[in-house]
Amino acid sequence: MSFIYHVLYLFGNLRESKRNTDSFFASGGNVISTVGTTFSDIIYQLKRLFIPKFTMAGEKELATASLDTIELPLDTVEGLDSFRSGEPIQSITQNASKKEGWCKSFFRWIPTSEALLEQAETKILSYIKTPHEGIFVDIGSVLKASKCKWSCKVTEERKIWTLSFNKSSNKSPIVLLHGLCASAGLWALNMDSLAEARPVYAIDLLGFGRSSRPTFSTDALEAEAQHVEGLEAWRQEMKLERFVLLGHSMGAFIASAYALKYPERVSHLVLADPWGYPKKPDNVEDILPVNKSITYKAIAQIGQKVNALSIVRAAGPMGPGIIGRVRPDLVSKFAVLNQNGNASISEYIYHSNAQKPTGEDAFRIMMDFFGWAKNPMCKRIHQLPTNLPLTMIYGDKTWLQQMSEEELKDVRLAGSKTTTFTLENAGHHVYADNQPEFNGIIKEVCEIVDQEPKHAL
């Protein structure tokens, strides 16, 4: 019990620190402004879960309540999609309970499972009209034959969850790589348009979503190489010769690394608001005012040592609510997915990230102060062949530092084809913020690729 009081004390102090917070930029400001209130919710729920005297008048005692009657008064946690005030907890665990037993599922501190993630994904994908299939692609045998070093256990699985659309088309396929703390389902808003005339494959990167979660190297370049070799092993198993490779954020960084290693497999490299391109500036403190806010300075320092969503996992049953509370912008931009009234993007993101966070581990190893990479692409992109076209798509309201078209052309070799687009009213999730224009650019790129002569490999 002393541990619980220490946790409550820590969260209480963080709550006090929040009062000294300054706004530093739009997206970061939203996060900081909600951290304190989220912690107060966690304190309240921890007290109710572990300290019976904190039960509210008129409610059943937690210690004596049965599974059928126990209720969590989460009216203070706005945006918690897995619960509704007055709804029994059984309603969100009954499906998982059928597969693993109600006792185990109920007493699990982090309320997630592979079954719950599958259910959340199914709800999200119900928005897509294009027929599709989902399969686990086992890449273990291919990886064993590669020269890539893995520090993980031999017994760990290597399977990549793959969503396939319009596979019967003979046009140039697209392969989609999601960003940090995301999964393949976040492309749901784009899928019908992109798969209208060609094959589209969206995968969960190793360490994320429904894919296997092997242990990555603690060396930045090796962790990057492991992602690259995982993608190449997947390509071999899928028997794809060449494809348009589209990555978002961290997925764009991995896509770039893959194109550098296997340029003959990429017909066009498209990067949506990519992470990891510019080098970290020397005056990073001027860009991110870490000295002006005690809370932000603490978060910036802790962020170098812990994973991005550690607080969500540590919060246990309050975790799903934190997703919706800290990122209401994501809930809003993907609200259309909830057309049937039961899909929830925050629920999907939560279950995609509440399990073993090896993908986040790899990102933390590769990053330098979150917004930059230890081995930025600006120092390597000149190695791309001149005949490999590169298209960058930025949002005009993105928080990431990006490279201009002129900077990219200066870095790439003479004769290289490099194009950038900046979409209006779009932030970091540019593919969701301005779908019509984003989809139009991708389809135009693919049509150009369709008209090119086939390359001999």
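Note that the structure is predicted; figures quoted are calculated from it, not measured.
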Next item on the list: Walk me through it: do His178 and His248 pass the test side-chain contact (heavy atoms from CB on, under 4.5 Å)?
Entry: CA-CA 5 Å; His178 62 78; His248 169 248; over 6 Å; no
Notebook entry, point to check: Looking only at atom types and distance, does a side-chain atom of Ser249 sit under 3.5 Å from a main-chain N or O of Leu180, one as donor and one as acceptor?
Noted result: no
Notebook entry, point to check: Just wondering, do Val175 and Val244 contact through their side chains at under 4.5 Å, heavy atoms?
Noted result: no
Listing, residues 186-193 side-chain donor-acceptor contacts under 3.5 Å, not counting sequence neighbours, or none:
residue	atom	partner	partner atom	Å
Asn190	ND2	Tyr431	O	2.8
Asn190	ND2	Asn439	OD1	2.9
Asp192	OD1	Lys129	N	3.0
Asp192	OD1	Thr130	N	2.9
Asp192	OD1	Thr130	OG1	2.7
Asp192	OD2	Lys129	N	3.1

Next item on the list: Scan Phe165, Tyr201, Tyr127 and name whichever one has a ring pair (Phe, Tyr, Trp, His ring centres under 6.0 Å) with His132.
Entry: Phe165
Item checked: Under 3.5 Å donor-acceptor, Asn353 side chain and Cys181 backbone -> yes
Check: Under the 3.5 angstrom rule, does the side chain of Glu241 hit a backbone N or O of Arg265 as a donor-acceptor pair?
Finding: no
Note to self: I need the minimum non-hydrogen distance between Ala252 and Gly247, along with the two atoms involved.
What the structure shows: CB-O, 3.4 Å
Check: Within the side chain of Asn166, is there an N or O that forms a donor-acceptor pair under 3.5 Å with the backbone of Val200?
Finding: no
Check: Is any side-chain N of the basic residue among Glu347 and Lys123 closer than 4.0 Å to the acidic one's carboxylate O?
Finding: yes
Checklist line | side-chain contact (heavy atoms from CB on, under 4.5 Å) assessment of Ile174 paired with Cys446 | finding: CA-CA 8 Å; Ile174 312 174; Cys446 292; 3.5 Å; yes
Next item on the list: Can you label the angle between the Phe243 ring and the Trp234 ring as parallel, tilted or perpendicular, going by 30° and 60°?
Entry: perpendicular
Check: After noting the C-alpha distance and the side-chain angles of Glu133 and Lys167, does the key distance pass the salt bridge (Lys or Arg N to Asp or Glu O under 4.0 Å) rule?
Finding: CA-CA 10 Å; Glu133 67 175 12; Lys167 292 197 303 181; 2.5 Å; yes
Note to self: Looking at Lys279, I want to see if its NZ is surrounded by more than 12 non-hydrogen atoms of other residues, nucleotides or ligands under 6.0 Å.
What the structure shows: no
Next item on the list: May I ask you to test the Leu176-Ile203 pair for a side-chain heavy-atom distance under 4.5 Å?
Entry: no
Check: Should Glu232 and Arg235 count as an ion pair when the cut-off is N to O under 4.0 Å?
Finding: yes
Item checked: NZ/NE/NH1/NH2 to OD/OE distance under 4.0 Å, Lys280 and Asp368 -> yes
Notebook entry, point to check: Which heavy atom of Val137 sits nearest a heavy atom of Glu237, and at what distance?
Noted result: CG1-CB, 3.6 Å
Notebook entry, point to check: If you look at every heavy atom in Thr162 and Ile160, which pair is closest and at what distance?
Noted result: OG1-O, 3.2 Å
Checklist line | Side chain proximity check, Lys356 to Arg213, heavy atoms < 4.5 angstrom | finding: yes
Margin query: Under a plain distance cut-off of 3.5 Å, with no hydrogens placed, do Asp396 and Thr422 share a side-chain donor-acceptor pair?
Written below: no
Notebook entry, point to check: Are side-chain heavy atoms of Ile441 and Glu444 found at a separation under 4.5 Å?
Noted result: no
Notebook entry, point to check: Backbone N or O of Lys417 within a donor-acceptor pair of the Arg412 side chain at under 3.5 Å?
Noted result: yes
Next item on the list: Assess the pair Phe216 and His227: is the distance between their ring centroids shorter than 6.0 Å?
Entry: yes
Check: Do Arg158 and Ser212 meet the criterion of a side-chain donor-acceptor pair at a distance under 3.5 Å?
Finding: no
Notebook entry, point to check: Do Thr398 and Val430 pass the side-chain contact (heavy atoms from CB on, under 4.5 Å) test, and can you show the C-alpha distance, the side-chain angles, and the key distance before you say yes or no?
Noted result: CA-CA 8 Å; Thr398 183; Val430 58; over 6 Å; no
Check: Can you name the residues that form a salt bridge (charged side-chain N to carboxylate O under 4.0 Å, His left out) with Arg198, not counting sequence neighbours?
Finding: Asp450
Margin query: Counting only heavy atoms not in Gln383 (residues, nucleotides, ligands), do more than 12 fall under 6.0 Å from its CD?
Written below: yes
Item checked: Derivation of the side-chain contact (heavy atoms from CB on, under 4.5 Å) call for Val336 and Phe334 -> CA-CA 5 Å; Val336 67; Phe334 289 98; over 6 Å; no
Checklist line | For the student: nearest non-hydrogen atoms of Pro111 and Tyr350, plus distance | finding: CD-OH, 3.0 Å
Checklist line | Pairwise side-chain contact, Met392 with Pro274, heavy-atom cut-off 4.5 Å (strictly under) | finding: yes
Notebook entry, point to check: Do Thr112 and His351 have side-chain N/O donor and acceptor atoms under 3.5 Å apart?
Noted result: yes
Item checked: Pair Glu114 + Lys159, salt bridge at N-O below 4.0 Å -> no
Check: Is there a donor-acceptor pair closer than 3.5 Å between any side-chain N or O of Glu407 and the backbone N or O of Ser404?
Finding: yes
Notebook entry, point to check: Once you round to the nearest 0.5 Å, how far does CD of Glu406 lie from CG of Asp410?
Noted result: 8.0 Å
Checklist line | Polar side chain donor-acceptor pair, Glu229 to Tyr262, under 3.5 angstrom | finding: yes
Next item on the list: State the CE-CG distance between Met377 and Leu271, to the nearest 0.5 angstrom.
Entry: 9.0 Å
Check: Quick one: does Asp433's side chain have a donor or acceptor within less than 3.5 Å of a partner on Gly427's backbone?
Finding: yes
Next item on the list: Please examine the side chains of Ile349 and Ser352, heavy atoms only from C-beta on, and report whether any two atoms are closer than 4.5 Å.
Entry: no
Check: How about Ile139 and Leu206: do any of their side-chain heavy atoms sit closer than 4.5 Å?
Finding: yes
Next item on the list: Find the distance between OG1 (Thr419) and CD (Glu405) and round it off to the nearest 0.5 Å.
Entry: 6.0 Å
Note to self: Can a donor-acceptor pair be found, under 3.5 Å and without considering hydrogens, that links the side chain of His268 to the backbone of Leu388?
What the structure shows: no
Checklist line | Ser211 side chain to Trp161 backbone, donor-acceptor under 3.5 Å | finding: yes
Check: Short question: side chain of Ser416, backbone of Leu413 - any donor-acceptor pair under 3.5 Å?
Finding: yes
Check: What closest approach, in Å, do Lys443 and Leu194 show between heavy atoms, and which atom pair accounts for it?
Finding: CG-CD2, 4.3 Å
Notebook entry, point to check: Of Tyr394, Trp399, Trp372, Phe363, which meets ring pair (Phe, Tyr, Trp, His ring centres under 6.0 Å) against Trp275?
Noted result: Phe363
Note to self: Can you tell whether the side chains of Glu360 and Arg364 come within less than 4.0 Å, N to carboxylate O?
What the structure shows: no
Checklist line | Nearest-0.5 Å distance that lies between atom CZ in Arg325 and atom CZ in Arg327 | finding: 15.5 Å
Notebook entry, point to check: Quick one: CG on Leu205 to CE on Met250, what's the gap to the nearest 0.5 Å?
Noted result: 5.0 Å
Checklist line | Interatomic spacing from CD1 in Ile442 to OG1 in Thr391 - rounded to 0.5 Å | finding: 7.5 Å
Checklist line | Distance-minimising heavy-atom pair for Ala373 and Phe253 | finding: CB-CE1, 3.8 Å
Checklist line | Sub-4.5 Å side-chain heavy-atom contact between Tyr277 and Arg380 | finding: no
